[in-house]
There are 2 protein chains.
Amino acid sequence: MAAARVRNGGRPTLEEVAARAGVGRGTASRVINGSPRVSEATREAVQAAVAELGYVPNRAARALAGNRTDAIALVVPEPETRFFAEPYFSAIVRGVGAALADTEMQLLLTLAGNDRERRRLAQYLTAHRVDGVLLVAVHADDPLPELLEQLGMPCVISGARHANEPLASVDSDNFDGARAAVEHLITRGRRSVATITGRLEVYGAQRRLDGYRAALAAAGLPPDERLIAPADFTEEGGARAMRELLARRPHLDAVFAASDVMAAGARQVLREADRRIPDDVALIGFDDSVVARHMHPALTSVRQPIEEMGRRMAQLLLEEIAGRTGERPTVVLPTELVVRDSS
Amino acid sequence: MAAARVRNGGRPTLEEVAARAGVGRGTASRVINGSPRVSEATREAVQAAVAELGYVPNRAARALAGNRTDAIALVVPEPETRFFAEPYFSAIVRGVGAALADTEMQLLLTLAGNDRERRRLAQYLTAHRVDGVLLVAVHADDPLPELLEQLGMPCVISGARHANEPLASVDSDNFDGARAAVEHLITRGRRSVATITGRLEVYGAQRRLDGYRAALAAAGLPPDERLIAPADFTEEGGARAMRELLARRPHLDAVFAASDVMAAGARQVLREADRRIPDDVALIGFDDSVVARHMHPALTSVRQPIEEMGRRMAQLLLEEIAGRTGERPTVVLPTELVVRDSS
DNA sequence: CCCCGGCTTGGGAGCGCTCCCAATACACTG
DNA sequence: CAGTGTATTGGGAGCGCTCCCAAGCCGGGG
């Protein structure tokens with residue numbers, strides 16, 4: 001007797017479990033999938049057999065027969081280093097992982113870099129390789145969300161792309177975070193509050209700017225466009241914007257930067273210009289990253305609940321997969337102002 | 001005619017591709033899997049059909065029939081926040097992703113947190129859900145590597161657990177990184193060089209300490225155990241160790257900390273003790289993290305090629321999956337000393 | 001002209017599971 | 001006591017693919 005090629009890693013199959021429990025394959029399947037239409041005695045017999053044999057369902061067979069995969073993909077646009085930068089990525093992953101921990105769902109990580117990979121990606125998702133997709137850091141002009149929409153693939157994105165986001169999305173309250181930061185500056189007596197914005201095509205950056213304006217308006221301070229300098233979320237961009245601001249409004253006494261990294265660039269310029277922080281100029285960032293804590297002086301910053309965002313994204317996706325309800329909620333999570341030495 | 005339930009998301013199957021190309025299913029399969037035993041004409045016909053139909057193989061069916069999954073798992077011990085801290089996690093993921101980009105391999109992310117999840121994990125891997133496993137930040141007493149070994153599951157770990165690591169592993173040169181850092185301090189005239197170590201059960205931390213000792217010995221400086229303070233890779237631990245060192249050897253003129261985070265803790269204590277950096281005490285960290293760049297003064301640090309480590313890990317794993325050669329290489333990648341203001 | 005071997009090819013068998021229909025068993029109802 | 005309904009069960013029919021055996025084809029040698 002030649003040893004048969006061992007398939008499935010020598011693992012027991014459902015058939016064997018059924019045989020051991022003295023029931024049919026269908027019944028064993030019902031027990032394992034928690035169907036209520038099984039008698040108590042039968043259920044126990046099958047569960048005993050499962051335990052004795054150490055049975056674990058074969059995922060591939062399940063996927064093939066059941067036309068689902070029990071897996072979701074987290075799609076990360078790789079060149080987007082901003083996203084990969086701490087702490088966003090790991091925090092999101094953690095949150096997603098936490099939400100999935102009690103599930104059979106697996107998490108597939110997909111780095112969609114260049115166009116070629118992006119095409120492959122579309123194919124993957126198209127080929128029903130996953131039950132749903134989490135998209136993070138999508139650009140407004142990314143065709144992927146629409147593609148997924150057409151294919152009826154459940155999908156949740158982080159950060160609405162514009163005011164009427166058709167997809168389910170989870171976002172932090174960019175508007176209120178910025179508003180609170182600027183309000184804090186005004187409360188502390190600052191009167192000439194500038195802002196360094198992110199790329200305004202990014203809806204979140206726009207919202208932060210809106211929040212800045214709202215805070216000024218609420219305090220009765222006149223709007224001054226020359227106190228607004230656009231940048232691009234980079235340290236260099238932040239430095240450049242700060243130089244512009246100093247040139248245009250030498251007597252500004254506070255700066256709200258739409259990211260910690262841009263605040264770091266601004267701080268560098270302020271130091272070179274011999275402006276003391278916070279004595280001469282107060283500085284606030286956004287993200288509450290490691291950079292903020294270790295900056296000198298420590299940077300006041302708006303904290304986003306990133307891990308919680310990941311968790312909510314996963315939850316929304318699971319619901320959409322389960323129910324396919326028509327509704328696509330937009331969840332907005334509150335931010336928190338972490339006051340440190342720079343303001 | 002009732003519309004049949006659409007399976008497989010309405011995607012074309014291999015059978016349809018074969019029909020369209022006017023060949024048999026087997027032949028179509030051969031073309032798609034790159035078998036050489038197909039005539040040129042046939043190959044082209046099948047490829048044309050694939051293109052026209054937009055055929056993408058069904059992964060589940062493949063896995064079921066072929067007894068493989070085309071997926072590997074990256075197992076992350078979740079409570080290990082040190083690993084999750086920037087920049088390790090995202091850099092590893094990036095490297096792994098890069099290595100997998102040209103492959104059909106999928107990356108499964110598995111956060112193994114508490115014991116319950118760890119059991120589930122063992123089951124997963126046991127049930128042949130993946131073709132191989134990447135283990136990062138494994139503790140010396142983690143049973144998982146041995147378990148995988150027994151099951152014949154290809155596996156690569158980051159960071160050898162001890163000198164004779166039986167598994168394939170990828171590591172940075174902890175010894176030489178530390179040696180170079182301390183050598184640098186000595187070259188700059190420091191004579192009383194202390195070190196703050198990581199948890200010495202961690203092999204890498206031990207190697208850094210070995211490197212420190214080797215550099216002192218090479219320079220002919222006498223070993224002084226009271227210049228060595230153990231810590232645990234945390235900021236608080238670093239601070240505590242620094243206090244001890246200052247108490248024991250008030251006149252030390254340099255500190256090599258086995259991580260940037262511990263260096264940050266040490267800096268805090270040095271500042272409180274009115275020691276100027278680098279004038280009174282030079283400080284060097286390890287990891288070259290964001291913290292290092294934004295510390296004040298900017299921290300000299302040993303950079304590990306983390307992304308490259310991820311890439312090599314994935315490569316090793318792919319080789320092991322493909323070949324199952326008996327050899328289990330230990331790859332050690334060079335580090336680089338990044339000199340900044342603190343030394 | 002037949003046979004043999006190499007190159008291609010078609011398609012059966014089967015991977016382990018879910019879905020679903022039909023069968024069985026039993027409890028009531030009228 | 002037949003008739004009807006309900007709870008439970010078994011197992012056939014696939015899911016889409018890979019593996020592999022056998023068949024078809026061709027050219028060259030005997």
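Below, chain A is the first sequence line, B the second, and so on; all start at residue 1.
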Looking at [X], I'd like to know whether one of its side-chain N or O atoms comes within less than 4.0 Å of OP1 or OP2 on [N].
X: T42(B); N: dT9(C); result: yes
X: N33(A); N: dT18(C); result: yes
X: S29(B); N: dT18(D); result: yes
X: S39(A); N: dT8(D); result: no

Nearest-angstrom distance from the residue atom [atom1] of [X] to [atom2] of [N]:
X: E16(A); N: dC17(C); atom1: CD; atom2: C1'; value: 13 Å
X: L64(A); N: dC15(D); atom1: CG; atom2: C1'; value: 4 Å
X: I32(A); N: dG16(C); atom1: CD1; atom2: C1'; value: 11 Å
X: N58(B); N: dT18(D); atom1: CG; atom2: C1'; value: 13 Å
X: E15(B); N: dG14(D); atom1: CD; atom2: P; value: 13 Å
X: L14(A); N: dG14(D); atom1: CG; atom2: C1'; value: 16 Å
X: R68(A); N: dT18(C); atom1: CZ; atom2: P; value: 7 Å
X: N67(B); N: dG16(D); atom1: CG; atom2: P; value: 20 Å

(request) By nearest nucleotide on DNA chain C, pick out whichever of Y55(A) and V23(B) is the more 5' one. (result) V23(B)
(message) Tell me whether D131(B) contacts the main-chain N or O of T69(B) through its side chain, where contact means a donor paired with an acceptor under 3.5 Å.
(response)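 Flag set: sc D131(B) to bb T69(B) pair under 3.5 Å.
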(request) Would you indicate which nucleotide in dC15(D), dC17(D), dC7(C) comes nearest to any side-chain atom of A65(B)? (result) dC17(D)
(request) Taking only the side-chain heavy atoms of P57(A) (C-beta and beyond), determine which of dC17(C), dT8(D), dC17(D) contains the nearest atom. (result) dC17(C)
(request) Report yes if some heavy atom in the side chain of L100(A) is under 4.5 Å from a heavy atom in the side chain of I72(A); otherwise report no. (result) yes
(request) State, yes or no, whether a side-chain contact exists between M309(A) and S172(A) at a heavy-atom distance under 4.5 Å. (result) yes
(request) Please name all residues satisfying side-chain contact (heavy atoms from CB on, under 4.5 Å) with E146(B), sequence neighbours left out, ordered by chain then number. (result)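 Scan of E146(B) (side-chain contact (heavy atoms from CB on, under 4.5 Å), adjacent residues dropped) gives R161(B).
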(request) Flag the pair E320(B) and R328(B) as a salt bridge only when some basic side-chain nitrogen lies within less than 4.0 angstrom of an acidic carboxylate oxygen. (result) yes
(message) Can you tell whether the side chains of E307(A) and R311(A) come within less than 4.0 Å, N to carboxylate O?
(response) yes
(message) If you count every heavy atom of other residues, nucleotides or ligands that lies below 6.0 Å from R59(A) atom CZ, does the total exceed 12?
(response)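 Check passes, neighbour count above 12.
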(request) Using only heavy-atom distances, determine whether the side chains of N33(A) and R62(A) contain a donor-acceptor pair under 3.5 Å. (result) yes
(request) Report which part of the nucleic acid R62(B) touches: base, sugar-phosphate, or nothing (heavy-atom distance under 4.0 Å, all strands). (result) sugar-phosphate
(request) Please work out the stems of DNA chain D from pairs that are Watson-Crick or G-U wobble with both distances under 3.5 Å, keeping only runs of three or more consecutive pairs. (result)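 The stems that DNA chain D takes part in, listed by first number, are C:1-30 with D:1-30.
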(message) Looking at the base of dT18(D), is there any donor atom on it, or on the side chain of R25(B), that sits under 3.5 Å from an acceptor on the other one?
(response) yes
(request) Report yes if a donor N or O on one partner sits less than 3.5 Å from an acceptor N or O on the other, where the partners are the side chain of R30(A) and the base of dT8(D); otherwise report no. (result) no
